[in-house]
Amino acid sequence: MTIAIVVLISGRGSNLQSIIDAVGRGELPARIAAVISNEADALGLHRAQQAGIETRVLSHAGFADRNDYDLALRDLVSEFNPDLIVLAGFMRILGAQFVGRFEGRIMNIHPSLLPKYRGLNTHERALADGASNHGASVHFVTTNLDAGPIIVQSKVPIYADDSPEILAERVLQEEHRILPQAIRWFAEGRLSARDGRVLLDGETRPEQSLTSHRRHGIPN
Ligand code: NHR
Ligand code: GAR
């Protein structure tokens with residue numbers, strides 16, 4: 001069985017690329033039915049086209065309110081009959097009209113160790129706090145922003161001389177690993193969201209299932 005995925009993006013699309021590559025290597029029993037961006041100039045749209053994937057742009061700018069955009073996006077996504085919707089650097093908050101339609105079938109990659117640093121500018125905030133580690137989370141999307149049940153996380157160290165950009169790059173490498181991993185579990189029918197919890201192989205997922213980051217191949 002191959003599942004159909006719709007990927008929502010807003011920009012660079014490196015996480016999208018990690019999915020395209022995993023599908024290309026035969027690691028995901030999935031096909032990307034469409035890539036949809038709310039930004040017309042998103043680099044990720046070119047990545048999709050290169051891979052022969054259908055693209056659509058639905059700009060939020062033309063809509064009077066969030067609800068109208070949600071409805072339009074819901075209808076556009078529905079045209080592709082996806083089994084799973086992946087937010088991969090998608091920068092618009094989605095409301096109940098959208099989320100309700102696809103309950104338990106939307107996942108997001110977020111650049112922090114949730115529940116820490118929901119929302120935006122996570123790397124700056126982790127550095128400002130003097131945190132010693134940071135990371136990325138894949139979670140199911142609910143109407144509570146960045147608060148849906150966590151599927152998988154990966155932790156990276158923060159070093160004294162880190163800039164937000166260097167830290168973002170370290171986190172991004174982990175994103176590119178855990179997002180395809182989570183999609184693979186879903187595509188294999190091993191992963192679901194039930195009653196606000198994540199089930200993997202029939203077992204409740206521990207809320208913080210951390211994998212450790214290795215720098216230059218040396219375990220820390
Ligand atoms: N929607 C719901 N309902 N739940 C989530 O968990 C969502 C979501 C939509 C996007 C991604 C999220 C992230 O991983 C995400 C998770 C955008 C904003 C934001 O404030 C915050 C979090 C995330 C995405 N967006 C501004 C807005 O007004 C716009 C910012 C901009 O355009 O630059 O929507 O971080
Ligand atoms: C990624 O770091 C992703 O986690 C983050 O934006 C970047 C997108 O990169 N997502 C958010 O901040 C969502 N609000 P990409 O376009 O190269 O995948």
Side-chain angles (χ1 to χ4, degrees), residues 5-22 32 35-48 51 55 57-63 65-71 73-74 77 85-126 134-156 164-183 193 196 198:
I5 303 175
V6 166
V7 183
L8 303 187
I9 62 165
S10 297
R12 180 179 52 182
S14 71
N15 277 293
L16 165 66
Q17 190 71 56
S18 75
I19 305 167
I20 293 172
D21 292 347
I32 304 174
V35 170
I36 301 172
S37 175
N38 67 311
E39 301 284 355
D41 59 358
L43 175 62
L45 291 169
H46 296 284
R47 297 178 189 268
T55 60
V57 173
L58 187 66
S59 170
H60 56 278
F63 289 86
D65 62 39
R66 282 180 181 269
N67 199 49
D68 289 353
Y69 182 72
D70 273 5
L71 290 170
L73 186 61
R74 182 189 79 180
V77 168
I85 296 152
V86 178
L87 312 189
F90 185 67
M91 297 307 290
R92 296 300 297 177
I93 297 171
L94 298 166
Q97 294 284 4
F98 185 93
V99 176
R101 165 72 68 96
F102 305 109
E103 192 97 67
R105 294 189 287 137
I106 315 171
M107 56 173 77
N108 176 45
I109 177 77
H110 181 76
S112 80
L113 292 174
L114 290 171
K116 282 187 251 175
Y117 309 121
R118 291 176 179 149
L120 304 178
N121 306 313
T122 58
H123 311 302
E124 287 84 348
R125 287 155 66 199
H134 188 42
S137 307
V138 182
H139 65 93
F140 281 113
V141 168
T142 65
T143 49
N144 290 335
L145 184 69
D146 293 332
I150 294 167
I151 300 163
V152 59
Q153 298 184 304
S154 182
K155 191 171 172 176
V156 305
E165 294 73 24
I166 294 275
L167 179 56
E169 178 56 36
R170 192 176 304 130
V171 170
L172 193 64
Q173 289 186 21
E174 294 305 299
E175 297 182 32
H176 296 164
R177 193 172 60 77
I178 65 176
L179 182 58
Q181 169 74 267
I183 295 171
V198 170

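In each ligand, atom 1 is the first atom listed, and ligand 1 is the first ligand listed.
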Subject >> Under-4.0 Å heavy-atom contact with ligand 1, by part of I109 that carries it >> reply: backbone
Subject >> Donor-acceptor pair, side chain of S137 and main chain of L114, under 3.5 angstrom >> reply: yes
**OP:** State the atoms of ligand 1, each with its element, that fall below the 4.0 Å cut-off from a heavy-atom position in L87.
**Re:** 9 (C), 10 (C), 15 (C)
Original post:
Which protein non-hydrogen atom lies closest to atom 11 (C) of ligand 1, naming both residue and atom, and how far is it?
Top reply: N108 ND2, 3.3 Å
Subject >> Spatial distance of atom CZ (R125) from atom NZ (K116) [nearest 0.5 Å] >> reply: 12.0 Å
Subject >> Heavy atom of the protein closest to atom 3 (N) of ligand 1 (residue, atom name, distance) >> reply: L94 O, 2.7 Å
Original post:
Considering I93, T142, L120, which one's heavy-atom position lies nearest to atom 2 (C) of ligand 1?
Top reply: T142
Original post:
Of all the non-hydrogen atoms in the protein, which one sits nearest to atom 23 (C) of ligand 1, and at what distance?
Top reply: L145 CD1, 4.1 Å
**OP:** Identify which one of V77, N108, L16, V86 satisfies the side chain to side chain contact (heavy atoms under 4.5 Å, CB included) criterion when paired with L8.
**Re:** V77
**OP:** Might you list the protein residues in contact with ligand 2, defined as having a heavy atom under 4.0 Å from one of its atoms, sorted by chain and number?
**Re:** R12, G13, S14, N15, G89, F90, M91, I109, P111, L120, L172, E175
Subject >> Enumerated ligand 1 atoms positioned under 4.0 Å from heavy atoms of H139 >> reply: 6 (O)
**OP:** Measure from atom 26 (C) of ligand 1 to every heavy atom in M91, E39, H110 and give the option owning the shortest one.
**Re:** M91
Original post:
When you measure from atom 24 (C) of ligand 1 to every protein heavy atom, which one gives the shortest distance, and what is it?
Top reply: F90 O, 3.5 Å
Subject >> Flag if over 12 foreign heavy atoms under 6.0 Å of CD1, I166 >> reply: no
**OP:** Run the numbers for me: atoms of ligand 1, each under 4.0 Å from some heavy atom of V141, listed by number.
**Re:** 2 (C), 3 (N), 4 (N), 5 (C)
Original post:
Nearest 0.5 Å, what's the CD-NE2 distance between Q153 and H110?
Top reply: 10.0 Å
Original post:
Considering only heavy atoms of V99, which atoms of ligand 1 have at least one such atom less than 4.0 Å away?
Top reply: 3 (N)
Original post:
Is a side-chain N or O of S37 found less than 3.5 angstrom from the main chain of A42, in a donor-acceptor match?
Top reply: no
Original post:
For I106, is the nearest heavy atom under 4.0 Å from an atom of ligand 1?
Top reply: no
Original post:
To which of R118, R92, H60, R66 does the heavy atom nearest atom 9 (C) of ligand 1 belong?
Top reply: R92
Report, one line per pair, each donor and acceptor closer than 3.5 Å where one atom sits in a side chain of residues 93-107; sequence neighbours left out.
{"from": "R101", "atom 1": "NH1", "to": "S78", "atom 2": "OG", "distance (Å)": "2.8"}
{"from": "R105", "atom 1": "NH1", "to": "P82", "atom 2": "O", "distance (Å)": "2.9"}

Subject >> R118 side chain reached by N144 side chain, heavy atoms, under 4.5 Å >> reply: no
**OP:** Supply the atom-to-atom distance Q173 CD to S18 OG, rounded to the nearest 0.5 angstrom.
**Re:** 12.0 Å
**OP:** Starting from atom 6 (O) of ligand 1, locate the nearest protein heavy atom and write down its residue, its atom name and how far away it is, to 0.1 Å.
**Re:** D146 N, 2.7 Å
**OP:** Work out which heavy atom in A136 is nearest to a heavy atom in E175; give both atom names and the distance.
**Re:** CB-CG, 3.6 Å
**OP:** Please identify each residue that fulfils ring-ring contact (aromatic ring centres under 6.0 Å, His included) with H139, with sequence neighbours left out.
**Re:** none
Subject >> side chain to side chain donor-acceptor pair (under 3.5 Å) contacts in which one or both residues fall within residues 38-47, not counting sequence neighbours >> reply: S10-N38, Q17-R47, N38-H60
**OP:** Rounded to the nearest 0.5 Å, what's the gap from CG on L45 to CD1 on I36? Could you check?
**Re:** 10.5 Å
Original post:
G119 near ligand 1, heavy-atom distance under 4.0 Å?
Top reply: yes
